[in-house]
4 protein chains.
Amino acid sequence: MSDRTMNLAIIGAGRIARVHAAAAHADPRIHLRCVADIAADAADQLAAEYGAVRGEVDAVFDDPAIDAVLIASSTATHADFLERAARAGKAVLCEKPIALDIERTRAAVDVVNANPVACALGFNRRHDAQFRALKSQLDAGRIGRLETLTIISRDPAPPPAEYVGTSGGLFFDMMIHDLDMARWLFDEPIASVTAAGSVLIDPAIGEAGDVDTAMVTLVTESQRLCHIQNSRRAVYGYDQRIEAFGSGGMLQAVNETETRLRTTTEAGQTEETPKHFFLERYGAAYARELSDLYDAWSGGAPPTATHADGYEALRLAAAAARSLAENRTVALSEIG
Amino acid sequence: MSDRTMNLAIIGAGRIARVHAAAAHADPRIHLRCVADIAADAADQLAAEYGAVRGEVDAVFDDPAIDAVLIASSTATHADFLERAARAGKAVLCEKPIALDIERTRAAVDVVNANPVACALGFNRRHDAQFRALKSQLDAGRIGRLETLTIISRDPAPPPAEYVGTSGGLFFDMMIHDLDMARWLFDEPIASVTAAGSVLIDPAIGEAGDVDTAMVTLVTESQRLCHIQNSRRAVYGYDQRIEAFGSGGMLQAVNETETRLRTTTEAGQTEETPKHFFLERYGAAYARELSDLYDAWSGGAPPTATHADGYEALRLAAAAARSLAENRTVALSEIG
Amino acid sequence: MSDRTMNLAIIGAGRIARVHAAAAHADPRIHLRCVADIAADAADQLAAEYGAVRGEVDAVFDDPAIDAVLIASSTATHADFLERAARAGKAVLCEKPIALDIERTRAAVDVVNANPVACALGFNRRHDAQFRALKSQLDAGRIGRLETLTIISRDPAPPPAEYVGTSGGLFFDMMIHDLDMARWLFDEPIASVTAAGSVLIDPAIGEAGDVDTAMVTLVTESQRLCHIQNSRRAVYGYDQRIEAFGSGGMLQAVNETETRLRTTTEAGQTEETPKHFFLERYGAAYARELSDLYDAWSGGAPPTATHADGYEALRLAAAAARSLAENRTVALSEIG
Amino acid sequence: MSDRTMNLAIIGAGRIARVHAAAAHADPRIHLRCVADIAADAADQLAAEYGAVRGEVDAVFDDPAIDAVLIASSTATHADFLERAARAGKAVLCEKPIALDIERTRAAVDVVNANPVACALGFNRRHDAQFRALKSQLDAGRIGRLETLTIISRDPAPPPAEYVGTSGGLFFDMMIHDLDMARWLFDEPIASVTAAGSVLIDPAIGEAGDVDTAMVTLVTESQRLCHIQNSRRAVYGYDQRIEAFGSGGMLQAVNETETRLRTTTEAGQTEETPKHFFLERYGAAYARELSDLYDAWSGGAPPTATHADGYEALRLAAAAARSLAENRTVALSEIG
């Protein structure tokens, strides 16, 4: 079974599509067959680079030679393509989010549930080596019962203020990854969300109706606690850490650096800054994400992150946004 | 001026009094003159160890040869002794808290204000080398403008459940130190407090009406954010860390260990556990605290932590307790 | 120029050939065309895995469609294949050593010099991210003038004693990498070598005429000093570190771990053991090594490590062996 | 027994005498009774600071009220004062070295052996917390059988070239500490010494007949290996590290810093430089050294480092100097 080649089509030819294409090429079990994009030139170029052909988006879903579709097009197209892939019986890896509103997401999730395929959602952090190791140690009982989580996530630089208007804002485009991490690590439903948020970096972000700095507290159904911190700007790079505390100790996944070189001068003992941004930090995670889809497609077990996880993370983001807007704790039962 | 010897009386002969006595003895500018305690034997023994004499509590305040009084007796006596010291014109270092209720504390603060003396409050963490260095780097602008703080404080083992009945509970006996750290580092009034708390360690603590695990979010008047985490039990020792994040970078004060020995075996690369508890971690801080009182007494500048700081930290603890009880954000303006 | 595809033949189908094949496959600029091995089955299997074909060793050198040959066959064949590749005008990457004796190596080097091709020698550590960064910082003057080097290299487990009979022994099969590192980092001829060696791990290694633990001191022509340590067994994994000390400070390349997860329990604060052995630690270096050959082939600059470097490192190993045998400092001028 | 007060006289009132005086004052079991120095003013001042009196050197040895003598005067006086202290039956802590030449040292050692008193030699590193912990882990079998040692010792700045003329040079004034560490940790006689040395920092040191950078290899009688590195100048501070490698793993005692604050900016993740020099790094070790003398005086067990250790370390330094001068390995049996 593991010897079968999975024929892959990628929809999209932008930055993230390129990352997936390289990962697909490097995996001898996967054959990148075609790249489809509304920008034919970009599709041509990316396809040529890896010995693939350009395809038409519409044709991808009808082509029996395609086993799996990777949706890396613009957010507004995700839900539609996801439904089409499921209806066509293709394995699918969909970049997050499925959609920005809960109803549209719910509808797409229903379609996938009605047309069961191997459906993976692009929560790349579940494939990060640090966080996987942390999860694995948790599951092995290394620190006894998990009691609290601290998730810190800071981007190197804020997006243009225009972006936050279309992205849904910090809770939807950024913290949603952290909310998914909390769900994944606790492995238990979240009961409530309380959010604080400020505009400390760029007033234009505030004028666009968003915050650039946030702190959120989650309480699980069994009263375990999680704290999430987000900032849109860390001058030292991409800050991605998780600390898990439990009855038997603590696990800490810290930032990666390109090398572990240590320089000692009169100025101190210095290690490199953290890897710059998600392409650097999560480069290997993208490869594992695709390998995980291959395993689901060939072996039948569900992917590590599914459409259902996408839906639940979105509910948490919506709860956080409402908590901030209404300055109160929001129960998850109020959402979706 | 700095050559004057400060004659000190210690009230109390328990564990913390012993720490102060050793620090006083080691400082050639301070002369430990007497130790007073309701347990005369304990006072005798401690006095003898450092070449001091046993004194009577009542006589201490009247003795013109005494320059400074260190109040290390039981909590219930603090406010009264503090007022007597101030009225007698003695410099004073009072262990925290002044009192558990806000009104009694306010009254004592008023007495000290009316009788100005060098009045230091025992917030020992302000004298910890790590946190002082962090504060000093903040003040020097090393990370630009401070935006968020993360304060983690975990004790090695929970107290007996009986204790939390008399101590005021986690917010008053434990988090109060972290609340003071937040005030000190932000150097700006706190506007609101939101608390979450759980009983995850010892059900008896819950039955006594307290929590053993807590997460609190503070918002300053200029909308900067702080998160505080407390746990009553960390199996690996006393966990005392602060992370300050700002426009220009990040400062992290991490745990100290007895030595920096690194052991590498098949089991991994291992450093020691953090220092066990406050006597180990803050041993040197107690000495600096006394030296700070000396400086205030001899030089006239106020101590690093004063009676006013004790009062404000107490208000924050009360706000946190109310927030947890009422499951809502509490504005500081509601308290005291 | 950088768009040209380099058609590659690999001679050998063993463990190290597999590593190179995967690296070649993942690089879109390189086309793995054939695999040749005296074991036809192994060659067939490896070729099939990456869409290549099996080739005959003799045919490889005559095939005009082959641009580059990667020699990963048994040591005894290296010099001969290297000469044939050079005479055929192929770019070549030859695993180390060219040969175990200096005369045979010298002859092969002469052939390559007479038939100039892009000729890379498999000193994989020159492509390790840590050591490259260290070298780059040195070259940039980060620590002023380099004065001393400390190179520590320990294998996870000793080879069978039979192996050291055929490998030439510790100085030739193990320390030769460290000797090459010293040459590369100093960028200056070594003047003398002094070796100490002991049998502390496995008496059978001593009976086979080798040592399992060694310390060597190098002095460069300008009197700079280098110390190299080797052990055949480190229970915690592959220990590969370099410390460079100079007039302006110190650079330290430390061990890599699979993840940076930190586990804190009553037993201490623990990070993972170093990566297990060379395939884990130098996996990415093999890919860079091939990329470096591509650059030399396509661009004309010499590879990072050449046949000449192989010859010089062998001279140093021979000097170390003689120093140990004769218990005296050996001048490089005595060798080769 | 442990309640007895040890009455101490310090001979010398310079920098190192001041460190000892502060340590003596802080230990409630020790009474600093007098300070004697040829510079009466300095003795007066130091005595006054700690409530002691000035004494005459000659009188110190006759005074029955003095239990112990601490010799912190100039090197040339050590052997004589040590002999007088032993003959007077005083416990003694003598700063190193006893003398610079082996014969004089041997004679003083013979006198102490003939007049047995608690006799401690000022090898302060044996009292350093890091190195004590390393030794203790070694003795507990934490890394199985010790096989190799690496001792790195670098001063922050070179002494004036004049100094090396009177100090005996690098092997005698600096490496002697490292040689003592090797003896202490191996707990086995050293069989041979091989030294390399260069003038890389200050030509004036070379003109004075000394080296400023050295690498030495020791071989123990059971063929275990040790490497020692010295440099007279490390711009980042006092570099004092030991790595012990054995059949079961590795122990590393790394540099201490004043605090463990970590600063992360665009320039990297930075910790402080190592503590500046020996007063900073070994401050606590001086206190433990005196406490160790107290224990020997009150309890009868020998001090951690004795006059015999001073003699043996001197032999090793002499062997290293001869090795460098004659460019050959020197057997310890050739010395003294």
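Letters A, B, ... mirror the listed sequences (proteins, then strands); counts begin at 1.
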- Roughly how far, to the nearest 0.5 Å, is the NE2 atom of D:H25 from the CG atom of B:D27? 8.0 Å
- Message: I need the D:R262 CZ to B:R241 CZ distance, nearest 0.5 Å.
- Response: 13.0 Å
- Message: With a 4.5 angstrom heavy-atom cut-off, is it the side chain or the backbone of B:T257 that approaches chain D, or both, or neither?
- Response: both
- Query: Are D:L261 and B:Q137 close enough that some pair of their side-chain heavy atoms sits under 4.5 Å apart?
  - Reply: yes
- Heavy-atom distance under 4.5 Å between the side chains of B:N255 and D:R260, does that happen here? no
- Max heavy-atom pair count under 4.5 Å with chain D, selected residue of B:R142, B:Q269, B:E256: B:R142
- By a 4.5 Å heavy-atom criterion (distance strictly below it), what part of D:Q130 contacts chain B: side chain, backbone, both, or neither? both
- For the pair D:T263 and B:M250, evaluate side chain to side chain contact (heavy atoms under 4.5 Å, CB included) and give the outcome as yes or no after the intermediate values. CA-CA 6 Å; D:T263 306; B:M250 172 168 64; over 6 Å; no
